[in-house]
Asker: 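Could you have a look at this structure, given as structure tokens, before my questions?
Numbering of ligands and ligand atoms starts at 1, following listing order.
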Amino acid sequence: MPSVLITGATSGFGKAAAQRFAKAGWSLILTGRREERLKALEKELSEHVPVLTLTLDVRDSAAVTDAISNLPESFLPLTCLINNAGLALAPEPAQKVDLQDWHTMIDTNITGLVNVTHAAMPLLLKTGAGASILNLGSVAGQWPYPGGHVYGASKAFVQQFSYNLRCDLLGTGVRVTDLAPGMAETEFTLVRTKGNQAASDALYQGTTPLQAEDIAEQLFYLATLPAHININRLEIMSVRQAWSPFAIDRDPK
Ligand SMILES: NC(=O)C1=CN([C@@H]2O[C@H](COP(=O)(O)OP(=O)(O)OC[C@H]3O[C@@H](n4cnc5c(N)ncnc54)[C@H](OP(=O)(O)O)[C@@H]3O)[C@@H](O)[C@H]2O)C=CC1
Ligand SMILES: O=CCS(=O)(=O)O
């Protein structure tokens, strides 16, 4: 039975991915900080597949390394790592942002992702052909927008790190993909606005955002491609989202 390690399985894409992989019979290693949510998901899915939950903050490099290097044998070989844990904060312009919010995004989206990757790589290398590292990037890593500042830059890191990993992992059989979604309805905007439910609802209202299940389906597709195929980057948007014209600063009339 193949096994998948999913970071940020307590909500959104991570939770939907856990449910999608469980449906196909994969063993699940699920992580996140909110233990009660992990336990609820374990209860739901362990009726069908083996589930191991690890209450972990990806920013804690020692805890991440310890947990992943001591996975029970029954959850090995590890076939897929989904580096999904992440967040955006501070939608306001860069000049108004609290520095701590920038640090939190860097520590989670960059340091957290490399912590987990470094810890899981020996296991994925042992698995070899057919193994995958699926990194959650974002359209924000490729396309700038106001208020994107450090969030977008952290996702640009994810893209380039994914490409560079591919270079180093060439010949090992381990695939690496930067999966870059656009607007998707999860708890993402609630977190970004620090709990402003009305702002979150307003963003998704009157349109058709991607849903967590759409991304889970892409993750499952990527993880189950024939072993000789590597999709380097997969950018996916709702048909109701696209780019805007360049903004121009004009003299007052
Ligand atoms: N929704 C969107 O529009 C898009 C999202 N993305 C990216 O997809 C990923 C998932 O986001 P999404 O599902 O939308 O958002 P959610 O807020 O719904 O889920 C985020 C998950 O990340 C976990 N997480 C956050 N910080 C940490 C941490 N320090 N340690 C461990 N886990 C953490 C949360 O778990 P817990 O709080 O329990 O720790 C939660 O399970 C993120 O990387 C995001 O940047 C990319 C493109 C579009
Ligand atoms: O990564 C999240 C999607 S967006 O907010 O940057 O469009």
Asker: Measuring from non-hydrogen atoms of Arg192 to any atom of ligand 2, is the shortest distance under 4.0 Å?
Answerer: yes
Asker: Between atom CG of Leu125 and atom CE of Met121, what is the distance when rounded to the nearest 0.5 Å?
Answerer: 6.5 Å
Asker: Short list, please: which atoms of ligand 1 are under 4.0 Å from a heavy atom of Glu187?
Answerer: 17 (O), 18 (O)
Asker: Hey, does Ser138 come in under 3.5 Å of ligand 1, counting only N/O atoms on both sides?
Answerer: no
Asker: For atom 37 (O) of ligand 1, grab the closest protein heavy atom and report residue, atom and distance to one decimal in Å.
Answerer: Arg33 NH2, 3.0 Å
Asker: Please answer whether the main-chain N or O of Val176 pairs with a side-chain N or O of Asn230 as donor and acceptor at a distance below 3.5 Å.
Answerer: yes
Asker: Can you tell me the protein heavy atom closest to atom 23 (C) of ligand 1 and the distance?
Answerer: Gly8 CA, 3.6 Å
Asker: Any idea which protein heavy atom is nearest atom 15 (O) of ligand 1, and the distance to it?
Answerer: Thr186 OG1, 3.5 Å
Asker: Looking only at N/O atoms, are Leu136 and ligand 1 under 3.5 Å apart anywhere?
Answerer: no
Asker: Do Arg20 and Glu213 pass the salt bridge (Lys or Arg N to Asp or Glu O under 4.0 Å) test, and can you show the C-alpha distance, the side-chain angles, and the key distance before you say yes or no?
Answerer: CA-CA 8 Å; Arg20 180 62 187 91; Glu213 292 70 26; over 6 Å; no
Asker: Which ligand 2 atoms are under 4.0 Å away from a heavy-atom of Phe188?
Answerer: 1 (O), 2 (C), 5 (O)
Asker: Pick one of side chain, backbone, both or neither for how Asp107 approaches ligand 1, counting any non-hydrogen atom pair under 4.0 Å.
Answerer: neither
Asker: I need the nearest protein heavy-atom contact for atom 20 (C) of ligand 1: residue, atom name and distance, please.
Answerer: Gly86 O, 3.8 Å
Asker: Please identify which atoms of ligand 2 are closer than 4.0 Å to at least one heavy atom of Ala140.
Answerer: 6 (O)
Asker: If you measure from each heavy atom of Lys15 to ligand 1, is any distance below 4.0 Å?
Answerer: no
Asker: When you measure from the heavy atoms of Gly182 to every atom of ligand 1, does any distance fall below 4.0 Å?
Answerer: yes
Asker: Hey, does Gly137 sit under 4.0 Å from ligand 1 if you only count heavy atoms?
Answerer: yes
Asker: Test salt bridge (Lys or Arg N to Asp or Glu O under 4.0 Å) on Asp98 and Lys194 and set out the steps.
Answerer: CA-CA 13 Å; Asp98 181 15; Lys194 300 200 172 144; 5.3 Å; no
Asker: Do Glu36 and Lys39 sit within salt-bridge range, that is, some charged N less than 4.0 Å from a carboxylate O?
Answerer: no
Asker: Got a sec: does the CD of Gln95 have more than 12 other heavy atoms crowding it under 6.0 Å?
Answerer: yes
Asker: Could you identify the single nearest non-hydrogen protein atom to atom 13 (O) of ligand 1 and state the distance to 0.1 Å?
Answerer: Phe13 N, 2.9 Å
Asker: What do the steps show when you test Asn109 against Ser154 for side chain to side chain donor-acceptor pair (under 3.5 Å), and what is the final call?
Answerer: CA-CA 6 Å; Asn109 301 351; Ser154 74; 3.1 Å; yes
Asker: Report the part of Lys155 in contact with ligand 1, treating N, CA, C, O as backbone and CB onward as side chain, heavy atoms under 4.0 Å; options are side chain, backbone, both, neither.
Answerer: side chain
Asker: Examine the proximity of ligand 1 to Asp57 and report which part, side chain or backbone, both or neither, has a heavy atom under 4.0 Å away.
Answerer: both
Asker: Considering only protein heavy atoms, which is closest to atom 41 (O) of ligand 1, and at what distance to one decimal place?
Answerer: Thr10 OG1, 2.7 Å
Asker: Do any nitrogen or oxygen atoms of Tyr151 come within less than 3.5 Å of a nitrogen or oxygen of ligand 1?
Answerer: yes
Asker: Show me which atoms of ligand 1 lie under 4.0 Å from any heavy atom of Leu56.
Answerer: 30 (N), 31 (C)
Asker: Can you report which non-hydrogen protein atom sits closest to atom 18 (O) of ligand 1, along with the distance?
Answerer: Ser11 OG, 2.5 Å
Asker: Quick check for you: to the nearest 0.5 Å, what is the distance between Leu179 atom CG and Tyr221 atom OH?
Answerer: 11.5 Å
Asker: State whether the shortest distance between N or O atoms of Val58 and N or O atoms of ligand 1 falls below 3.5 angstrom.
Answerer: yes
Asker: Looking only at N/O atoms, are Gly14 and ligand 1 under 3.5 Å apart anywhere?
Answerer: no
Asker: Tell me the protein heavy atom at minimum distance from atom 10 (C) of ligand 1, and give that distance in Å.
Answerer: Asn84 OD1, 3.0 Å
Asker: Between the side chain of Thr79 and the main-chain N/O of Ala131, is any donor-acceptor distance below 3.5 Å?
Answerer: no
Asker: Show me which atoms of ligand 1 lie under 4.0 Å from any heavy atom of Gly12.
Answerer: 13 (O), 18 (O)
Asker: Other residues, nucleotides and ligands only: do more than 12 of their heavy atoms fall within 6.0 Å of NE2 on His118?
Answerer: no
Asker: Which protein heavy atom lies closest to atom 4 (S) of ligand 2, and at what distance to 0.1 Å?
Answerer: Tyr145 OH, 3.6 Å
Asker: Note the single closest protein heavy atom to atom 3 (C) of ligand 2, along with its residue, its atom name and the distance in Å.
Answerer: Ser138 OG, 3.8 Å
Asker: As an exercise, state the distance from CZ of Arg59 to CG of Asn115, rounded to the nearest 0.5 Å.
Answerer: 11.0 Å
Asker: Once you round to the nearest 0.5 Å, how far does CG of Leu219 lie from OG1 of Thr224?
Answerer: 10.5 Å
Asker: Got a second to check how far Asn135's CG is from Thr177's OG1, nearest 0.5 Å?
Answerer: 8.0 Å
Asker: What about Ala184: any of its N or O atoms under 3.5 Å from an N or O on ligand 1?
Answerer: yes
Asker: Just by distance, do the side chain of Gln159 and the backbone of Gly141 share a donor-acceptor pair under 3.5 Å?
Answerer: no
Asker: Could you check whether any heavy atom of Thr7 sits closer than 4.0 Å to an atom of ligand 1, since that is the contact criterion I want to use?
Answerer: no
